[in-house]
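What follows is a set of notes on a single structure, which appears directly below.
The chain is numbered in sequence order, starting from 1. These figures come from a predicted structure and were not determined experimentally.
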Amino acid sequence: MKLVVVSAGLSVPSSTRLLADRLAKATAARVPAEVAVVELRDLAVEIAHNFTNGFPGRALGAAIEAVTQADGLIVVTPVFSASYSGLFKSFFDVLEQGVLAGKPVLIAATGGSARHSLVLEHALRPLFAHLRAVVVPTGVYAASEDRGAEGLAERIERAAGELAGLMTGLSAAGPARDARPASAADGSVDVSAVAPAEGSVRRPREAVAQSATAGRGARTDGFQVVPFEQQLAALRTR
């Protein structure tokens with residue numbers, strides 16, 4: 001399996017890359033995967049050229065191929081102007097439409113203040129939902145004060161577990177079962193092949209026939225069968 005980490009950190013060392021590495025390590029501890037890291041800082045020029053000439057450079061092409069073939073993605077961006085960085089968005093803009101469809105993605109971000117933590121929900125999650133990726137429920141935001149603080153490690157472990165579960169679940173999934181009832185040779189449906197819902201009781205055919213042919217006021221299976229005309233007449237006399 002292939003796990004690809006996309007980091008949009010700009011500085012060296014980068015808090016964004018440090019968070020990305022922690023997420024990758026926690027995920028790789030749960031699922032056997034080959035981890036590859038895409039540093040967008042090194043691809044900034046090629047991303048810009050791709051917008052102007054329509055062709056990716058060698059390094060950008062390799063990054064796009066890695067993301068396309070990944071079984072799971074970890075994407076981490078610093079917060080700029082209360083949203084993801086322009087470099088982060090530009091990279092996903094150059095991807096062909098549909099390459100992330102159905103791909104498990106763990107979203108994460110770093111910022112100087114905890115006040116920007118909602119960037120995960122109002123920016124990153126809508127972006128990858130638009131790209132038709134499968135975003136894990138737990139996003140990870142790390143502010144400056146979160147370094148070494150309680151809670152961040154738990155969020156990392158929980159998000160990594162969710163991503164690993166999606167990766168292994170999708171890879172192990174076989175062909176979808178046909179939930180339709182079996183059909184006879186003449187095209188009719190064999191109702192005996194349809195299992196009753198859980199908690200329901202299948203009534204014997206004799207009881208069904210009795211219910212269908214019950215007369216006025218007759219009792220079937222402990223219930224009083226009252227024809228609609230009789231019920232309507234009773235309402236008019238009130």
Side-chain angles (χ1 to χ4, degrees), residues 1-31 33-50 56-67 70-95 104-121 123-125 127-128 135-136 138-164 167:
M1 302 184 73
K2 295 182 180 179
L3 174 64
V4 175
V5 181
V6 178
S7 171
L10 298 179
S11 60
V12 181
S14 165
S15 60
T16 301
R17 174 61 187 272
L18 293 175
L19 177 59
D21 289 342
R22 292 183 64 179
L23 290 167
K25 182 178 179 180
T27 305
R30 290 169 167 81
V31 56
E34 177 186 347
V35 180
V37 179
V38 175
E39 280 281 8
L40 298 186
R41 178 186 64 246
D42 301 331
L43 303 174
V45 174
E46 291 194 20
I47 291 174
H49 287 169
N50 189 90
R58 181 176 298 178
L60 178 58
I64 293 174
E65 183 179 2
V67 169
D71 297 295
L73 287 179
I74 297 174
V75 297
V76 192
T77 178
V79 175
F80 285 179
S81 302
S83 187
Y84 38 66
S85 70
L87 179 60
F88 181 85
K89 179 62 162 56
S90 296
F91 174 73
F92 291 100
D93 282 343
V94 301
L95 297 180
V105 176
L106 191 165
I107 56 174
T110 59
S113 169
R115 290 176 296 178
H116 292 303
S117 59
L118 285 178
V119 69
L120 296 172
E121 305 303 325
L124 271 78
R125 196 175 296 277
L127 169 63
F128 288 96
V135 185
V136 303
T138 302
V140 180
Y141 179 83
S144 299
E145 59 264 29
D146 287 329
R147 298 173 188 172
E150 231 177 283
L152 177 60
E154 288 76 7
R155 295 197 301 274
I156 289 174
E157 293 296 326
R158 183 167 63 249
E162 293 168 354
L163 178 61
M167 290 174 63

Enter the distance from [X]:[atom1] to [Y]:[atom2] here, rounded to the nearest 0.5 Å.
X	Y	atom1	atom2	result
Leu163	Asp71	CG	CG	10.0 Å
Lys89	Ser83	NZ	OG	9.5 Å
Leu40	Ile47	CG	CD1	5.5 Å
Leu87	Leu10	CG	CG	6.5 Å
Leu127	Ile107	CG	CD1	9.5 Å
Thr77	Phe91	OG1	CZ	12.5 Å

Do you know the tightest heavy-atom contact between [X] and [Y]?
X	Y	answer
Ala63	Leu43	CB-CD1, 3.7 Å
Leu95	Val67	CD1-CG1, 4.2 Å
Ala8	Ser85	CB-OG, 3.9 Å
Ala20	Val76	CB-CG2, 3.7 Å
Ser11	Pro13	OG-O, 3.1 Å
Ala143	Ser113	CB-C, 3.8 Å

In the structure I gave you, are the side-chain heavy atoms of [X] and [Y] within less than 4.5 Å of one another anywhere?
X	Y	result
Arg30	Glu157	yes
His49	Leu60	no
Pro56	Val94	no
Val5	Val35	yes
Val12	Arg41	yes

Are Asp21 and Arg17 ion-paired here, with the side-chain N under 4.0 Å from a carboxylate O? yes
Applying side-chain contact (heavy atoms from CB on, under 4.5 Å), run through Val140 and Arg22 and close with a yes or a no. CA-CA 11 Å; Val140 180; Arg22 292 183 64 179; over 6 Å; no
Checking Thr16 against Ser7: is there a side-chain donor and acceptor pair closer than 3.5 Å?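 No - no donor-acceptor pair under 3.5 Å links their side chains.
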Phe128 ring center near Phe92 ring center (under 6.0 Å): yes
Might you confirm whether atom CD of Glu34 has over 12 heavy atoms from other residues, nucleotides or ligands at distances under 6.0 Å? no
Please answer whether the main-chain N or O of Gly151 pairs with a side-chain N or O of Glu154 as donor and acceptor at a distance below 3.5 Å.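 Side chain of Glu154 to backbone of Gly151, a donor-acceptor pair under 3.5 Å: yes, one is there.
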Tell me whether Arg155 contacts the main-chain N or O of Thr138 through its side chain, where contact means a donor paired with an acceptor under 3.5 Å.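 Not confirmed, Arg155 side chain does not pair with Thr138 backbone.
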